[in-house]
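Ligands are counted one by one from 1 in listed order, and the atoms in each one are counted from 1 as well. Everything quoted here is computed from the prediction, not taken from an experiment.
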Amino acid sequence: MSLSGKTILVTGASSGIGRATALALHAAGATVHGTSRQRDRVPKEIERHSCDLLSEKKIARLFHKLPPLDAVINCAGKAYLSPISDGNPVEWETMWRVNVHGLALCCQHAVRKLNNHGTLINVSSMSGWRVPPTGGFYSPTKFAVRAITEALRNELRAKASTLRVGSISPGFVDTPLLNDYFKGREDQLNEQRKQTKMLSPEDVASSIVHMLTTPSHVEIGDVQIRGVDQKL
Ligand SMILES: NC(=O)c1ccc[n+]([C@@H]2O[C@H](COP(=O)([O-])OP(=O)(O)OC[C@H]3O[C@@H](n4cnc5c(N)ncnc54)[C@H](OP(=O)(O)O)[C@@H]3O)[C@@H](O)[C@H]2O)c1
């Protein structure tokens with residue numbers, strides 16, 4: 001599958017799923033632009049950019065300097081275990097601003113920057129399909145990602161745009177994000193690792209590559225992907 005000649009932006013390219021996706025797209029021949037709050041954390045094969053998704057201005061500046069794009073993968077995100085009943089509202093705000101508001105802003109800028117045959121993929125989660133017992137405020141942010149994706153798809157179809165929009169919803173993926181999500185419950189994370197074979201970031205990246213390389217009339221709306229032994 002060649003993505004040669006394609007120019008693609010990946011947010012959250014410094015770690016986990018975003019990093020693996022950026023490298024997989026690079027290996028498939030694309031010119032990949034990647035963001036992180038610190039550009040040095042993005043792999044050197046990738047065109048590196050700094051962008052804090054908490055800042056509307058920085059997002060606007062990032063898209064202003066990017067060339068026309070063929071695809072945008074919105075991968076950056078935060079996950080805290082932060083219950084509705086007694087979680088920390090500061091964590092809620094960070095998750096809302098990065099996972100929802102920042103992602104929606106990237107979608108808006110992406111629509112202007114993508115060509116009419118481009119593809120936009122938002123990384124949601126299985127927590128955007130059902131609320132796990134520890135879902136807390138994280139889960140609502142991931143439901144919102146799927147809603148944003150569908151809202152945008154409707155708007156584009158109303159304008160007769162052929163830009164493709166979809167999301168991907170992974171279950172547990174072994175990345176540094178789980179350290180925040182399981183903070184204070186490290187034994188549960190270790191147990192999870194022992195009992196189940198979690199997805200690797202590369203597993204998710206290969207599905208994203210697939211979503212990008214289907215024929216241009218095919219739009220994949222959402223991919224649910226989890227380890228075969230994940231229960232929920
Ligand atoms: N791991 C899982 O089990 C899992 C499951 C389902 C869905 N997901 C989703 O997959 C996506 C990627 O998660 P991951 O597991 O790969 O996490 P990760 O390894 O922690 O990577 C998160 C990425 O988001 C970036 N980021 C965080 N806050 C940011 C901010 N304010 N501005 C700009 N970038 C920011 C980080 O960059 P810097 O810190 O370098 O700025 C990093 O590149 C997230 O949307 C997450 O919700 C993860």
Side-chain angles (χ1 to χ4, degrees), residues 9-24 32-43 46 48-59 61-63 72-82 90-91 93-107 121-132 134-146 148-149 167-183 188-189 192-193 196-205 207-208 222-227 230 232:
L9 172 69
V10 181
T11 71
S14 62
S15 175
I17 299 168
R19 181 186 176 93
T21 301
L23 290 172
V32 183
H33 294 258
T35 69
S36 158
R37 280 167 294 183
Q38 295 163 48
R39 62 190 294 280
D40 294 355
R41 297 190 59 211
V42 176
I46 309 302
R48 301 152 146 185
H49 302 271
S50 299
C51 184
D52 187 343
L53 295 186
L54 293 174
S55 161
E56 216 167 307
K57 272 194 194 137
K58 288 180 183 165
I59 294 173
R61 232 179 281 146
L62 165 75
F63 277 89
V72 172
I73 319 298
N74 283 318
C75 194
K78 288 302 280 183
Y80 298 108
L81 171 75
S82 211
V90 175
E91 293 173 344
E93 189 180 353
T94 302
M95 287 192 281
W96 188 260
R97 288 180 60 200
V98 177
N99 300 0
V100 182
H101 192 246
L103 175 136
L105 284 167
C106 288
C107 288
I121 297 173
N122 292 326
V123 179
S124 178
S125 169
M126 281 307 300
S127 293
W129 284 92
R130 80 283 183 268
V131 183
T134 54
F137 198 84
Y138 175 67
S139 210
T141 69
K142 290 300 177 175
F143 272 76
V145 171
R146 289 201 307 112
I148 288 166
T149 308
S167 48
I168 182 161
S169 299
F172 284 121
V173 186
D174 208 348
T175 73
L177 171 136
L178 295 185
N179 298 333
D180 280 338
Y181 193 62
F182 281 90
K183 198 169 183 183
Q188 273 182 42
L189 176 57
Q192 185 81 25
R193 283 196 174 115
T196 65
K197 183 165 167 43
M198 286 187 197
L199 296 175
S200 70
E202 289 74 20
D203 293 326
V204 182
S207 279
I208 292 174
D222 195 278
V223 173
Q224 294 188 352
I225 172 171
R226 53 193 150 185
Q230 183 176 327
L232 194 62

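Contacts of Y181 with ligand 1, taken as heavy-atom pairs under 4.0 Å, are absent altogether. With a 4.0 Å cut-off on non-hydrogen atoms, S169 does not touch ligand 1 at all.
Protein heavy atom nearest atom 13 (O) of ligand 1, with residue, atom name and distance: L177 CD1, 3.7 Å. Nearest protein heavy-atom neighbour of atom 22 (C) of ligand 1: G77 O, 3.7 Å. Closest protein heavy atom to atom 8 (N) of ligand 1: Y138 OH, 3.7 Å. The protein heavy-atom contact nearest to atom 39 (O) of ligand 1 is R37 NH2, 2.8 Å. Here the heavy atom of the protein found nearest to atom 23 (C) of ligand 1 is G12 CA, 3.8 Å. Remark: minimum distance from atom 7 (C) of ligand 1 to any protein heavy atom is reached at S124 O, 3.1 Å. For atom 5 (C) of ligand 1, the nearest protein heavy atom (residue, atom name, distance) is G171 O, 3.1 Å. Protein heavy atom closest to atom 18 (P) of ligand 1, with residue, atom name and distance, is S15 OG, 3.5 Å.
Going from atom OG1 of T141 over to atom CG of L103 covers 9.5 Å, rounded to the nearest 0.5 Å. Once rounded to the nearest 0.5 Å, the distance linking CD1 of I208 with CG of D203 reads 11.5 Å. Atoms NZ and CG, from K57 and L105 in turn, are 13.5 Å apart once rounded to the nearest 0.5 Å. If you take NE2 on H49 and NE2 on H33, they are separated by 5.0 Å, rounding to the nearest 0.5 Å. Distance check, rounded to the nearest 0.5 Å: OG of S14 to CD of Q38 gives 8.0 Å. D174 CG to L189 CG: the interatomic distance, rounded to the nearest 0.5 Å, is 7.0 Å.
Listed here is the closest heavy atom pair of N99 and G77: OD1-CA, 3.3 Å. Between A144 and V100, the closest heavy-atom pair is CB-CG2, 3.9 Å.
Nearest-heavy-atom check against atom 27 (C) of ligand 1 across K78, Q38, R41 picks out K78. The closest heavy-atom contact to atom 33 (C) of ligand 1, among the options A76, S50, C51, comes from C51. Between atom 42 (C) of ligand 1 and the options S14, G128, G34, G18, the minimum heavy-atom separation is to S14. Residue T175 holds the heavy atom nearest to atom 14 (P) of ligand 1 of all those in T175, D174, T35, I225.
Judged by distance alone, the side chain of S124 and the main-chain N or O of S169 form no donor-acceptor pair under 3.5 Å. Side chain of Q230 to main chain of F172: a donor-acceptor pair is present (N/O by atom type, distance under 3.5 Å, no hydrogens or angles). Using modelled atom types, one side-chain atom of T94 and one backbone atom of V90 make a donor-acceptor pair closer than 3.5 Å. In this structure, the side chain of S50 engages the main chain of R39 through a donor-acceptor pair within 3.5 Å. Side-chain N or O atoms of R146 include none that pairs as donor or acceptor with a backbone N or O of K142 at under 3.5 Å. Side-chain N or O atoms of D180 include none that pairs as donor or acceptor with a backbone N or O of L177 at under 3.5 Å. A donor-acceptor pair is defined here as one N or O able to donate and one able to accept, closer than 3.5 Å; such a pair exists between the side chain of T11 and the backbone of A76.
Per-residue contacts place V98 under 4.0 angstrom from the following atoms of ligand 1 (heavy atoms of the residue considered): 31 (N). Listed by atom number, the atoms of ligand 1 under 4.0 Å from V123 heavy atoms are 9 (C), 10 (O), 11 (C). Ligand 1 places these atoms under 4.0 Å from at least one heavy atom of I17: 10 (O), 16 (O), 48 (C). Close contacts of ligand 1 with G16, meaning ligand atoms under 4.0 Å from a residue heavy atom, involve 16 (O), 19 (O). Atoms of ligand 1 lying under 4.0 Å from any heavy atom of L178, numbered from 1 in the order shown and given with element: 3 (O).
Taking 4.0 Å as the cut-off, K142 counts as a neighbour of ligand 1 on heavy-atom distance.
By the 3.5 Å distance cut-off applied to N or O atoms, M126 is not counted among the residues near ligand 1. Not a single N or O atom of F172, backbone or side chain, sits closer than 3.5 Å to an N or O atom of ligand 1. For ligand 1, the polar-atom distance check against V173 finds a nitrogen or oxygen pair separated by under 3.5 Å. Residue L53 has at least one nitrogen or oxygen atom sitting less than 3.5 Å from a nitrogen or oxygen atom of ligand 1, judged on distance alone. For ligand 1, the polar-atom distance check finds an N/O of C75 within less than 3.5 Å of one of the ligand's N/O atoms.
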